[in-house]
Number of protein chains: 2
Amino acid sequence: MMKFAFKEKVDKLLSSARLKRTGQRKAILEVLLKANSPLTADEIVHATGNTGPNRVTIYRTLESMAEAGILHKAFIEGRSRCYEPADKCSENQCHPHFVCTGCGQTHCLTDATVPMATSMPAGFIIKRQQVRLEGLCPECNMTENKRHMHNDGK
Amino acid sequence: MMKFAFKEKVDKLLSSARLKRTGQRKAILEVLLKANSPLTADEIVHATGNTGPNRVTIYRTLESMAEAGILHKAFIEGRSRCYEPADKCSENQCHPHFVCTGCGQTHCLTDATVPMATSMPAGFIIKRQQVRLEGLCPECNMTENKRHMHNDGK
DNA sequence: ATCTAATTGCAACTAAGTTGCAACAACTTC
DNA sequence: GAAGTTGTTGCAACTTAGTTGCAATTAGAT
Ligand SMILES: [Mn+2]
Ligand SMILES: [Mn+2]
Ligand SMILES: [Zn+2]
Ligand SMILES: [Zn+2]
């Protein structure tokens, strides 16, 4: 059981951000830490349920944690913002996100690397680089291939 | 005067996309082609004015042109979507966008290059890569520097 | 234990985009 | 060039995502 260490991690994150360690914030942070892709406010509302924090609190909390640097806004298209823990990103580059055009799922590519931009016009100082990849995930790619084989065999 | 060639370009774009060449679509496309950064629906509403297309038409037009491939959605944080002409992007990579944390302006970096992602987990097929850069633009960087020199001299 | 500033929840509001539908106009066919 | 067909447009009404003011509450300081 890693439960103890987990709760401690949440507490440490909050105090490192100089935010009061309230039940609401812990609940939100726990959901985000357990998730394996960035989440919207609405997804957190559902994950925390009726007894969880109020919608407005979730919006405000996500913003303040992002401002404090322990969360990042993920660079994904969609009408609603997605947030994720800021670990697994380096100082000047967030890990890339892969969005599958087949199934719509978002994958965190914590191990893929993209070199920093080069041949920048003079005077621009890059503080952070974010990358979004679009394509087919392994499952959807497999299905595509099967479909092709089928059609070719006709 | 390049006016004639310009109007032709608009017409060609529309017919290449198999979209009817209506006054509304031409107006929207002209605004986007003349802009030097991606625009929101609202910015186009203002640019085209009272005599321009209806708000809803602008939303629908942007979507259909993006679907047809002559526009791209630019991935910039912000509550509203931004669109730009799809030229100046290569097959599998859009040109990067630079957002200045000082002044908030977005710059199209049509000449900067970012190599494609490597060390991808097995099975993922990348169709398109998009990059967002955050930092200081030349003007804001200059102002920062002046401020520092001033403080250091105390 | 008391105090105080930060946090929360509620209700009301704004911003951004969507949908159904009837009127209309671009392109096609004759 | 008139008539027909289908895609396009504008309006009004609606949804979704996020914001704001304010009074009640509570975490952490003294
Ligand atoms: Mn991620
Ligand atoms: Mn651009
Ligand atoms: Zn997929
Ligand atoms: Zn700037």
Side-chain angles (χ1 to χ4, degrees), chain A residues 7-8 10-31 38-68 70-71 73-83 104 106, chain B residues 7-8 10-31 38-68 70-71 73-83 104 106:
Chain A
K7 297 271 180 196
E8 254 200 358
V10 170
D11 272 20
K12 275 185 184 158
L13 268 172
L14 284 174
S15 48
S16 82
R18 279 155 213 277
L19 293 167
K20 286 187 180 173
R21 276 164 277 135
T22 67
Q24 288 90 329
R25 284 178 177 157
K26 288 180 197 173
I28 293 169
L29 211 38
E30 284 179 20
V31 170
L39 301 180
T40 63
D42 203 59
E43 287 167 327
I44 297 174
V45 168
H46 284 100
T48 52
N50 282 334
T51 62
N54 180 275
R55 233 189 170 66
V56 177
T57 301
I58 294 179
Y59 281 117
R60 289 199 272 230
T61 299
L62 292 172
E63 257 313 298
S64 59
M65 289 186 187
E67 199 152 328
I70 61 174
L71 294 185
K73 292 179 197 180
F75 174 53
I76 303 170
E77 153 73 1
R79 280 203 45 198
S80 36
R81 284 175 203 153
C82 294
Y83 295 81
T106 297
Chain B
K7 298 271 180 197
E8 255 199 357
V10 169
D11 271 21
K12 275 184 185 158
L13 268 172
L14 284 174
S15 49
S16 82
R18 279 152 212 278
L19 294 167
K20 287 187 180 170
R21 277 165 276 133
T22 67
Q24 288 89 329
R25 284 179 177 159
K26 288 180 196 174
I28 292 168
L29 212 38
E30 284 180 20
V31 170
L39 301 180
T40 62
D42 203 60
E43 287 167 326
I44 297 174
V45 168
H46 285 100
T48 51
N50 282 333
T51 62
N54 180 275
R55 234 190 169 65
V56 177
T57 301
I58 294 180
Y59 281 118
R60 288 198 273 230
T61 300
L62 291 172
E63 256 314 297
S64 58
M65 289 185 187
E67 199 151 327
I70 61 174
L71 295 186
K73 292 181 196 178
F75 286 82
I76 304 172
E77 154 72 4
R79 284 207 37 200
S80 36
R81 283 174 204 157
C82 295
Y83 295 82
T106 297

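In what follows, every chain begins at residue 1, and chains take the letters A, B, ... in the order their sequences are listed. All heavy atoms count here, side chains included; hydrogens, waters and symmetry mates do not.
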Fill in: Near-strand residues of residues 42-57 of chain A, defined as heavy-atom separation under 4.0 angstrom from DNA chain C
A:Pro53, A:Asn54, A:Val56, A:Thr57
Discussion item. Once side chain to side chain donor-acceptor pair (under 3.5 Å) is applied, do any residues pair with A:Thr40, and if so which ones, sequence neighbours excluded?
Written reply: A:Glu43
Item to complete: Under the side chain to side chain donor-acceptor pair (under 3.5 Å) rule, collect the residues that match up with A:Lys73, sequence neighbours excluded.
Response: A:Glu63
Worksheet, complete the sentence: Read 5' to 3' with Watson-Crick or G-U pairs under 3.5 Å, [ ] for crossing pairs and | for partners on another strand, DNA chain C gives ||||||||||||||||||||||||||||||
Worksheet, complete the sentence: side chain to side chain donor-acceptor pair (under 3.5 Å) filter on A:Asp42, not counting sequence neighbours, yields A:Arg55
Worksheet item: Listed by chain and number, what are the side chain to side chain contact (heavy atoms under 4.5 Å, CB included) partners of B:Arg21, not counting sequence neighbours?
Response: B:Asp11, B:Leu14, B:Ser15, B:Lys26
Worksheet item: Once you round it to whole Å, what is the distance between P of C:dA6 and CE of A:Met65?
Response: 17 Å
Discussion item. From CZ of A:Arg81 over to P of C:dA15, roughly how many Å is that when rounded to an integer?
Written reply: 14 Å
Item to complete: Would you mind telling me which of D:dG18, C:dT18, C:dT8 lies closest to the side-chain atoms of A:Gln24?
Response: C:dT8
Discussion item. Rounded to the nearest 0.5 Å, what separates atom NZ in B:Lys7 from atom CD in B:Glu30?
Written reply: 3.5 Å
Worksheet entry | Atom-pair distance (CD1 on B:Ile58; C1' on D:dT8), nearest Å | 14 Å
Worksheet item: Quick one: what's the B/S/- string for nucleotides 21-30 of chain C, heavy-atom cutoff under 4.0 Å, read 5' to 3'?
Response: -----BS---
Item to complete: List for me each residue that meets side chain to side chain contact (heavy atoms under 4.5 Å, CB included) alongside A:Ile58, sequence neighbours excluded, and say none if there are none.
Response: A:Ile28, A:Ala41, A:Ile44, A:Val45, A:Thr48, A:Pro53, A:Leu62
Practice prompt. Measure from the side chain of B:Tyr59, starting at C-beta and using heavy atoms only, and say which of D:dT8, C:dT18, C:dA15 lies closest.
Written response: C:dT18
Worksheet item: For B:Glu67 and D:dG7, what is the distance between atoms CD and C1' respectively, to the nearest whole Å?
Response: 14 Å
Discussion item. Once side chain to side chain contact (heavy atoms under 4.5 Å, CB included) is applied, do any residues pair with B:Lys20, and if so which ones, sequence neighbours excluded?
Written reply: B:Thr22, B:Arg25
Worksheet, complete the sentence: Heavy-atom closest pair (A:Leu13 atom, A:Leu29 atom, distance to 0.1 Å) is CB-CD2, 4.1 Å
Worksheet item: 5'-most contact on DNA chain D: B:Arg79 or B:Arg18, nearest heavy atom basis?
Response: B:Arg18
Worksheet item: Is A:Glu77 atom CD crowded by more than 12 heavy atoms from other residues, nucleotides or ligands, each under 6.0 Å away?
Response: yes
Discussion item. How many whole angstroms separate atom CG of A:Leu62 from atom C1' of D:dT19?
Written reply: 14 Å
Response to the item:
By side chain to side chain donor-acceptor pair (under 3.5 Å), B:Gln24 pairs with (sequence neighbours left out) none
